[in-house]
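These numbers come from the heavy atoms of this one structure, side chains and all, not from hydrogens, waters or symmetry mates.
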Amino acid sequence: MRNLKIKLVPLLFIIALAPAFGQTPDLSGVLSRNSGSQGYPMSQWSPETLPFTAAGRAQFDANIPGKGPRQTMPAFGNDPLGDANPPGLYRTLVYGRPWEFIQLRNKVVQIFEWGKHWRTIWTDGRDVPDVIVAGPYWYGYSVGEWEGDTLVVKTVGLDGRAWLDEWGTPFSDFALIEERWRRVDDTLELTITVNDPDLYSEPWTSDTKVFGYQSPDSINGELMEQIFAPIDEMEFNSRIRDPAASGPLDPE
Amino acid sequence: MKQSKTAAASSFFSVTFCCLWALSASVTLAHHGTAVSYEQDNWITVTGVVTEFRWRNPHSALFLDVESADGKTTNYAIELASPVLMSRSSGWTRATFRPGDVVQFRVHPSRTGAPVGECLFNCEVLINGEPPASTLDSQEGN
(Lines give C-alpha, C1' and ligand atoms only; values in the text may rest on other atoms or scores of the structure.)
Protein backbone atom coordinates (compact mmCIF):
# COMPACT_ATOMS: atom_id res chain seq x y z
CA MET A 1 0.00 0.00 0.00
CA ARG A 2 2.79 2.45 0.82
CA ASN A 3 4.41 1.78 -2.57
CA LEU A 4 1.07 2.38 -4.29
CA LYS A 5 0.67 5.74 -2.59
CA ILE A 6 4.17 6.76 -3.61
CA LYS A 7 3.36 5.87 -7.23
CA LEU A 8 0.10 7.78 -7.14
CA VAL A 9 1.61 11.05 -5.93
CA PRO A 10 3.31 11.97 -9.22
CA LEU A 11 0.18 11.03 -11.11
CA LEU A 12 -1.97 13.28 -8.98
CA PHE A 13 0.62 16.02 -9.36
CA ILE A 14 0.41 15.75 -13.15
CA ILE A 15 -3.39 15.78 -13.12
CA ALA A 16 -3.42 18.91 -10.94
CA LEU A 17 -1.10 20.70 -13.34
CA ALA A 18 -2.87 19.49 -16.50
CA PRO A 19 -4.04 23.01 -17.52
CA ALA A 20 -0.45 24.17 -17.46
CA PHE A 21 0.47 21.39 -19.83
CA GLY A 22 -1.90 22.55 -22.62
CA GLN A 23 -5.25 21.26 -21.43
CA THR A 24 -7.44 24.32 -21.50
CA PRO A 25 -11.03 24.51 -20.33
CA ASP A 26 -13.61 23.80 -23.00
CA LEU A 27 -15.84 26.82 -23.45
CA SER A 28 -17.99 25.23 -26.15
CA GLY A 29 -21.74 25.44 -25.81
CA VAL A 30 -24.80 27.64 -26.15
CA LEU A 31 -25.01 30.40 -23.56
CA SER A 32 -27.47 33.04 -22.49
CA ARG A 33 -28.02 35.56 -19.72
CA ASN A 34 -30.50 38.11 -18.46
CA SER A 35 -29.83 41.67 -19.55
CA GLY A 36 -29.95 43.08 -16.02
CA SER A 37 -28.07 46.28 -15.12
CA GLN A 38 -31.20 48.41 -14.85
CA GLY A 39 -29.84 50.46 -12.02
CA TYR A 40 -26.61 51.65 -13.59
CA PRO A 41 -26.17 55.38 -14.20
CA MET A 42 -24.58 55.37 -17.64
CA SER A 43 -23.71 52.04 -19.21
CA GLN A 44 -25.03 48.52 -19.10
CA TRP A 45 -21.41 47.43 -18.75
CA SER A 46 -20.48 49.26 -15.58
CA PRO A 47 -22.03 50.57 -12.36
CA GLU A 48 -19.41 53.32 -12.30
CA THR A 49 -19.37 56.75 -13.87
CA LEU A 50 -17.43 56.42 -17.11
CA PRO A 51 -14.17 58.42 -17.47
CA PHE A 52 -15.08 60.29 -20.65
CA THR A 53 -12.78 62.65 -22.45
CA ALA A 54 -14.47 65.73 -23.87
CA ALA A 55 -14.87 63.91 -27.17
CA GLY A 56 -16.23 60.86 -25.42
CA ARG A 57 -18.80 62.88 -23.53
CA ALA A 58 -19.84 64.62 -26.70
CA GLN A 59 -20.32 61.30 -28.47
CA PHE A 60 -22.24 59.90 -25.50
CA ASP A 61 -24.57 62.89 -25.53
CA ALA A 62 -25.02 62.64 -29.28
CA ASN A 63 -26.16 59.02 -29.06
CA ILE A 64 -29.91 59.06 -28.38
CA PRO A 65 -31.11 55.61 -27.28
CA GLY A 66 -34.58 54.21 -26.86
CA LYS A 67 -33.61 52.39 -23.66
CA GLY A 68 -31.91 53.13 -20.39
CA PRO A 69 -31.67 56.27 -18.22
CA ARG A 70 -31.61 58.54 -21.28
CA GLN A 71 -34.30 56.77 -23.24
CA THR A 72 -36.49 58.58 -25.71
CA MET A 73 -39.06 57.34 -28.20
CA PRO A 74 -37.05 55.53 -30.88
CA ALA A 75 -38.78 57.50 -33.61
CA PHE A 76 -36.92 60.55 -32.28
CA GLY A 77 -33.63 58.81 -31.53
CA ASN A 78 -30.65 57.81 -33.62
CA ASP A 79 -30.02 54.23 -32.60
CA PRO A 80 -28.21 52.60 -35.55
CA LEU A 81 -30.22 49.47 -34.90
CA GLY A 82 -33.30 51.34 -36.01
CA ASP A 83 -32.05 51.30 -39.59
CA ALA A 84 -31.23 47.60 -39.54
CA ASN A 85 -27.52 48.12 -38.94
CA PRO A 86 -25.64 45.30 -37.15
CA PRO A 87 -25.72 45.58 -33.36
CA GLY A 88 -21.98 44.96 -33.16
CA LEU A 89 -19.99 42.69 -30.89
CA TYR A 90 -20.29 44.20 -27.43
CA ARG A 91 -23.90 45.31 -27.70
CA THR A 92 -24.73 41.76 -28.65
CA LEU A 93 -22.80 40.34 -25.69
CA VAL A 94 -24.53 42.55 -23.14
CA TYR A 95 -27.97 42.19 -24.67
CA GLY A 96 -28.62 38.66 -23.49
CA ARG A 97 -29.77 36.66 -26.49
CA PRO A 98 -28.30 33.19 -26.81
CA TRP A 99 -25.03 32.65 -28.63
CA GLU A 100 -22.65 29.74 -29.05
CA PHE A 101 -18.95 29.14 -28.52
CA ILE A 102 -17.35 26.50 -30.73
CA GLN A 103 -13.85 25.85 -29.46
CA LEU A 104 -11.42 24.39 -31.97
CA ARG A 105 -7.71 23.68 -31.93
CA ASN A 106 -6.59 27.04 -33.26
CA LYS A 107 -9.60 29.28 -32.76
CA VAL A 108 -12.83 29.81 -30.94
CA VAL A 109 -15.79 30.70 -33.12
CA GLN A 110 -18.61 32.67 -31.55
CA ILE A 111 -22.00 32.59 -33.26
CA PHE A 112 -24.69 35.09 -32.31
CA GLU A 113 -28.37 34.39 -32.76
CA TRP A 114 -29.11 38.11 -32.72
CA GLY A 115 -28.54 39.14 -36.29
CA LYS A 116 -27.04 35.76 -37.17
CA HIS A 117 -23.54 37.19 -36.99
CA TRP A 118 -20.30 35.52 -35.95
CA ARG A 119 -16.71 36.25 -35.08
CA THR A 120 -13.46 34.29 -34.77
CA ILE A 121 -11.14 34.48 -31.77
CA TRP A 122 -7.76 33.31 -33.02
CA THR A 123 -5.90 31.22 -30.47
CA ASP A 124 -3.06 30.09 -32.72
CA GLY A 125 -0.49 32.33 -31.13
CA ARG A 126 -0.71 35.22 -33.56
CA ASP A 127 -0.20 38.76 -32.37
CA VAL A 128 -2.85 41.43 -32.31
CA PRO A 129 -2.39 43.09 -35.70
CA ASP A 130 -1.34 46.70 -35.98
CA VAL A 131 -3.39 47.17 -39.12
CA ILE A 132 -6.77 45.65 -39.93
CA VAL A 133 -6.57 45.40 -43.67
CA ALA A 134 -10.28 45.33 -44.55
CA GLY A 135 -11.67 46.89 -41.39
CA PRO A 136 -13.11 48.40 -39.40
CA TYR A 137 -15.44 45.56 -38.61
CA TRP A 138 -18.75 45.61 -36.76
CA TYR A 139 -17.52 42.50 -34.89
CA GLY A 140 -13.84 43.38 -34.69
CA TYR A 141 -10.75 41.28 -35.06
CA SER A 142 -10.01 39.13 -32.03
CA VAL A 143 -6.93 37.29 -30.79
CA GLY A 144 -7.01 35.17 -27.66
CA GLU A 145 -4.60 33.42 -25.37
CA TRP A 146 -5.01 31.39 -22.23
CA GLU A 147 -3.89 32.61 -18.85
CA GLY A 148 -4.49 29.54 -16.74
CA ASP A 149 -8.20 28.91 -16.85
CA THR A 150 -9.04 32.29 -18.37
CA LEU A 151 -9.27 33.06 -22.08
CA VAL A 152 -7.96 36.58 -22.54
CA VAL A 153 -9.14 38.11 -25.79
CA LYS A 154 -7.98 41.34 -27.35
CA THR A 155 -10.29 42.85 -29.95
CA VAL A 156 -9.33 45.66 -32.29
CA GLY A 157 -10.49 46.97 -35.64
CA LEU A 158 -13.98 47.74 -34.37
CA ASP A 159 -16.43 49.96 -36.19
CA GLY A 160 -17.13 52.87 -33.87
CA ARG A 161 -20.53 53.52 -35.37
CA ALA A 162 -21.85 50.65 -33.28
CA TRP A 163 -22.78 51.19 -29.67
CA LEU A 164 -21.20 49.34 -26.78
CA ASP A 165 -24.65 48.64 -25.36
CA GLU A 166 -28.36 49.42 -25.70
CA TRP A 167 -27.91 52.73 -23.87
CA GLY A 168 -25.66 54.41 -26.41
CA THR A 169 -22.26 53.98 -24.71
CA PRO A 170 -19.71 54.95 -27.37
CA PHE A 171 -16.39 53.58 -28.51
CA SER A 172 -14.13 54.56 -31.39
CA ASP A 173 -12.54 52.74 -34.31
CA PHE A 174 -9.28 52.79 -32.34
CA ALA A 175 -10.48 51.02 -29.23
CA LEU A 176 -8.71 47.95 -27.93
CA ILE A 177 -11.09 45.95 -25.80
CA GLU A 178 -9.82 43.13 -23.63
CA GLU A 179 -12.21 40.33 -22.69
CA ARG A 180 -11.61 37.83 -19.94
CA TRP A 181 -13.67 34.65 -20.19
CA ARG A 182 -13.64 32.09 -17.39
CA ARG A 183 -15.75 29.00 -17.06
CA VAL A 184 -17.13 28.23 -13.62
CA ASP A 185 -19.05 24.97 -13.72
CA ASP A 186 -22.13 25.62 -15.88
CA THR A 187 -21.57 29.35 -16.13
CA LEU A 188 -19.18 31.54 -18.07
CA GLU A 189 -17.97 34.81 -16.61
CA LEU A 190 -16.97 37.79 -18.69
CA THR A 191 -15.38 41.13 -17.95
CA ILE A 192 -14.25 43.65 -20.53
CA THR A 193 -11.69 46.42 -20.21
CA VAL A 194 -12.09 49.29 -22.64
CA ASN A 195 -8.92 51.00 -23.78
CA ASP A 196 -9.98 53.92 -25.94
CA PRO A 197 -7.93 57.08 -25.31
CA ASP A 198 -9.93 59.09 -27.83
CA LEU A 199 -13.13 58.73 -25.82
CA TYR A 200 -12.00 57.67 -22.32
CA SER A 201 -9.28 59.30 -20.26
CA GLU A 202 -8.30 55.96 -18.76
CA PRO A 203 -9.13 52.29 -19.29
CA TRP A 204 -12.22 51.11 -17.49
CA THR A 205 -13.37 47.63 -16.62
CA SER A 206 -16.89 46.31 -16.59
CA ASP A 207 -18.53 44.35 -13.85
CA THR A 208 -18.73 40.60 -14.31
CA LYS A 209 -21.37 39.32 -16.69
CA VAL A 210 -22.44 35.76 -16.08
CA PHE A 211 -23.73 33.56 -18.86
CA GLY A 212 -25.39 30.21 -18.28
CA TYR A 213 -24.78 27.18 -20.42
CA GLN A 214 -28.07 26.11 -21.98
CA SER A 215 -29.22 22.53 -22.14
CA PRO A 216 -29.89 21.41 -25.73
CA ASP A 217 -33.45 20.61 -24.68
CA SER A 218 -34.07 24.02 -23.15
CA ILE A 219 -35.91 26.92 -24.70
CA ASN A 220 -32.66 28.69 -25.56
CA GLY A 221 -30.67 25.57 -26.26
CA GLU A 222 -30.63 25.94 -30.01
CA LEU A 223 -29.85 29.08 -31.96
CA MET A 224 -32.51 30.29 -34.33
CA GLU A 225 -32.34 32.85 -37.12
CA GLN A 226 -33.05 36.45 -36.29
CA ILE A 227 -31.95 38.77 -39.05
CA PHE A 228 -32.91 42.43 -39.21
CA ALA A 229 -33.37 43.07 -42.88
CA PRO A 230 -33.84 46.65 -44.06
CA ILE A 231 -36.99 45.62 -45.90
CA ASP A 232 -38.53 44.54 -42.58
CA GLU A 233 -37.05 47.36 -40.56
CA MET A 234 -38.47 50.03 -42.86
CA GLU A 235 -41.92 48.51 -42.75
CA PHE A 236 -41.78 48.19 -38.96
CA ASN A 237 -40.69 51.80 -38.61
CA SER A 238 -43.41 53.15 -40.87
CA ARG A 239 -46.28 51.01 -39.60
CA ILE A 240 -45.46 50.62 -35.90
CA ARG A 241 -42.50 52.54 -34.47
CA ASP A 242 -43.27 55.97 -35.91
CA PRO A 243 -47.07 55.86 -35.55
CA ALA A 244 -46.69 54.83 -31.90
CA ALA A 245 -44.82 58.06 -31.29
CA SER A 246 -47.08 60.28 -33.31
CA GLY A 247 -50.43 61.87 -32.61
CA PRO A 248 -53.77 60.21 -33.22
CA LEU A 249 -54.55 59.38 -36.82
CA ASP A 250 -57.09 61.67 -38.43
CA PRO A 251 -60.18 59.48 -38.76
CA GLU A 252 -61.28 61.62 -41.67
CA MET B 1 -61.40 44.91 -45.36
CA LYS B 2 -65.07 44.78 -44.60
CA GLN B 3 -65.93 42.80 -41.54
CA SER B 4 -69.19 41.67 -40.06
CA LYS B 5 -70.43 43.19 -36.85
CA THR B 6 -70.24 40.96 -33.89
CA ALA B 7 -70.97 41.38 -30.26
CA ALA B 8 -67.29 41.06 -29.53
CA ALA B 9 -66.40 43.91 -31.89
CA SER B 10 -69.05 46.36 -30.73
CA SER B 11 -66.93 48.81 -28.78
CA PHE B 12 -64.12 51.10 -29.84
CA PHE B 13 -61.01 50.66 -27.69
CA SER B 14 -62.97 49.13 -24.84
CA VAL B 15 -60.94 50.08 -21.85
CA THR B 16 -60.42 47.78 -18.95
CA PHE B 17 -58.18 49.08 -16.23
CA CYS B 18 -57.27 45.79 -14.67
CA CYS B 19 -54.37 46.76 -12.54
CA LEU B 20 -51.25 48.87 -12.41
CA TRP B 21 -48.44 47.09 -14.18
CA ALA B 22 -44.84 47.92 -13.30
CA LEU B 23 -42.16 47.78 -15.93
CA SER B 24 -41.77 44.10 -16.61
CA ALA B 25 -38.74 42.09 -17.62
CA SER B 26 -40.12 42.16 -21.15
CA VAL B 27 -39.01 45.81 -21.43
CA THR B 28 -35.37 44.82 -21.19
CA LEU B 29 -35.82 42.42 -24.07
CA ALA B 30 -37.37 44.96 -26.45
CA HIS B 31 -34.15 45.55 -28.30
CA HIS B 32 -35.53 48.34 -30.45
CA GLY B 33 -36.43 50.35 -27.39
CA THR B 34 -40.01 50.99 -28.45
CA ALA B 35 -41.36 50.20 -24.97
CA VAL B 36 -40.86 53.84 -24.01
CA SER B 37 -43.48 54.78 -26.60
CA TYR B 38 -46.20 52.99 -24.61
CA GLU B 39 -47.76 53.45 -21.19
CA GLN B 40 -46.03 50.60 -19.40
CA ASP B 41 -48.09 51.10 -16.24
CA ASN B 42 -51.41 51.00 -18.05
CA TRP B 43 -53.36 48.32 -19.89
CA ILE B 44 -56.35 48.47 -22.18
CA THR B 45 -58.23 45.70 -23.91
CA VAL B 46 -58.60 46.09 -27.63
CA THR B 47 -61.26 44.10 -29.45
CA GLY B 48 -61.37 43.81 -33.20
CA VAL B 49 -61.18 41.69 -36.33
CA VAL B 50 -57.82 40.64 -37.67
CA THR B 51 -56.87 42.22 -40.98
CA GLU B 52 -53.22 41.20 -40.98
CA PHE B 53 -50.69 39.29 -38.89
CA ARG B 54 -47.16 40.37 -39.71
CA TRP B 55 -44.83 37.60 -38.54
CA ARG B 56 -41.53 39.33 -39.15
CA ASN B 57 -38.42 40.78 -37.56
CA PRO B 58 -37.62 43.03 -35.85
CA HIS B 59 -41.03 42.82 -34.17
CA SER B 60 -44.16 41.02 -35.24
CA ALA B 61 -47.39 43.01 -35.46
CA LEU B 62 -51.11 42.31 -35.43
CA PHE B 63 -53.56 44.63 -37.14
CA LEU B 64 -57.21 44.75 -36.12
CA ASP B 65 -60.19 46.63 -37.47
CA VAL B 66 -61.86 48.06 -34.41
CA GLU B 67 -65.33 49.50 -34.62
CA SER B 68 -66.35 52.35 -32.40
CA ALA B 69 -69.74 52.89 -30.86
CA ASP B 70 -70.58 55.39 -33.60
CA GLY B 71 -69.78 52.85 -36.27
CA LYS B 72 -66.41 54.20 -37.35
CA THR B 73 -63.67 51.68 -38.05
CA THR B 74 -60.05 52.22 -37.15
CA ASN B 75 -57.20 49.88 -37.93
CA TYR B 76 -55.36 49.33 -34.67
CA ALA B 77 -51.79 48.02 -34.67
CA ILE B 78 -50.37 45.87 -31.88
CA GLU B 79 -46.62 45.58 -31.57
CA LEU B 80 -45.47 42.11 -30.54
CA ALA B 81 -42.06 40.54 -30.03
CA SER B 82 -39.91 38.97 -32.74
CA PRO B 83 -40.94 35.58 -34.17
CA VAL B 84 -38.09 33.87 -32.34
CA LEU B 85 -39.10 35.27 -28.97
CA MET B 86 -42.82 34.72 -29.52
CA SER B 87 -42.26 31.12 -30.54
CA ARG B 88 -40.11 30.50 -27.47
CA SER B 89 -42.20 32.36 -24.92
CA SER B 90 -45.75 31.77 -26.16
CA GLY B 91 -45.49 28.96 -28.69
CA TRP B 92 -47.07 31.14 -31.37
CA THR B 93 -46.49 30.66 -35.09
CA ARG B 94 -47.25 32.55 -38.26
CA ALA B 95 -50.60 30.75 -38.29
CA THR B 96 -51.71 31.85 -34.81
CA PHE B 97 -53.81 34.74 -36.10
CA ARG B 98 -55.78 34.70 -39.36
CA PRO B 99 -57.68 37.43 -41.15
CA GLY B 100 -61.25 37.45 -39.94
CA ASP B 101 -60.46 36.19 -36.43
CA VAL B 102 -62.15 38.16 -33.67
CA VAL B 103 -59.52 39.03 -31.12
CA GLN B 104 -59.46 40.50 -27.65
CA PHE B 105 -55.98 41.68 -26.79
CA ARG B 106 -54.66 43.34 -23.64
CA VAL B 107 -52.03 45.92 -24.55
CA HIS B 108 -50.06 48.91 -23.31
CA PRO B 109 -51.50 51.87 -25.23
CA SER B 110 -49.41 54.43 -27.05
CA ARG B 111 -48.50 57.45 -24.95
CA THR B 112 -49.65 59.76 -27.71
CA GLY B 113 -53.13 58.28 -28.13
CA ALA B 114 -52.26 56.79 -31.50
CA PRO B 115 -54.07 53.57 -32.42
CA VAL B 116 -51.02 51.48 -31.59
CA GLY B 117 -50.49 49.24 -28.58
CA GLU B 118 -47.85 46.84 -27.39
CA CYS B 119 -47.57 43.50 -25.69
CA LEU B 120 -44.30 41.62 -25.96
CA PHE B 121 -44.63 38.66 -23.60
CA ASN B 122 -47.22 36.82 -21.52
CA CYS B 123 -49.96 38.48 -23.53
CA GLU B 124 -53.59 38.01 -22.52
CA VAL B 125 -55.37 37.19 -25.75
CA LEU B 126 -58.54 35.51 -26.87
CA ILE B 127 -59.02 34.44 -30.46
CA ASN B 128 -62.67 33.83 -31.28
CA GLY B 129 -63.23 33.46 -27.56
CA GLU B 130 -60.45 30.95 -26.97
CA PRO B 131 -56.81 31.26 -25.87
CA PRO B 132 -54.36 30.88 -28.74
CA ALA B 133 -52.99 27.47 -29.52
CA SER B 134 -49.40 27.00 -28.44
CA THR B 135 -46.67 24.75 -29.76
CA LEU B 136 -45.29 24.71 -26.22
CA ASP B 137 -48.31 22.66 -25.14
CA SER B 138 -47.94 20.05 -27.84
CA GLN B 139 -44.12 20.21 -28.03
CA GLU B 140 -44.57 20.15 -31.81
CA GLY B 141 -43.10 22.62 -34.27
CA ASN B 142 -45.11 24.70 -36.71
* Asked: Taking the six-membered ring of F60(A), is the NZ or CZ of R70(A) close enough (under 6.0 Å from the centre) and on axis enough (within 45°)?
  ->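 Geometry flag: set, cation within 6.0 Å and 45°.
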
* Asked: Hey, does the Lys NZ or Arg CZ of R119(A) hover above the aromatic six-ring of Y137(A), less than 6.0 Å from the centre and inside 45° of the axis?
  ->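 Ring-cation test returns no.
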
* Asked: Could R241(A) and E79(B) be called an ion pair, given the rule that one side-chain N must be under 4.0 Å from one carboxylate O?
  -> no

* Asked: Can we say R239(A) and E52(B) salt-bridge, meaning some charged N sits less than 4.0 Å from an Asp/Glu carboxylate O?
  ->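 Between E52(B) and R239(A) there is a salt bridge, with a charged N closer than 4.0 Å to a carboxylate O.
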
* To do: Examine whether an atom of P80(A) lies under 4.5 Å from a heavy atom of chain B, and if so say whether it belongs to the side chain, the backbone or both; otherwise answer neither.
  =>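 Neither part.
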
* Asked: Which bit of E225(A) is near chain B, if near means a heavy-atom gap under 4.5 Å: side chain, backbone, both or neither?
  -> backbone

* All side chain to side chain donor-acceptor pair (under 3.5 Å) counterparts of W181(A), not counting sequence neighbours -> E179(A)

* Test side chain to side chain donor-acceptor pair (under 3.5 Å) applied to S60(B) - qualifying residues, sequence neighbours left out -> none

* Which residues in residues 210-224 of chain A have any heavy atom lying under 4.5 Å from a heavy atom of chain B? ->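 Checking residues 210-224 of chain A against chain B gives I219(A), N220(A), E222(A), L223(A), M224(A).
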
* Which portion of R88(B) sits near chain A, non-hydrogen atoms under 4.5 angstrom -> both

* Among all residues two or more places apart in sequence or in another chain, which pass the salt bridge (charged side-chain N to carboxylate O under 4.0 Å, His left out) test with R183(A)? ->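 Expected list: D186(A).
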
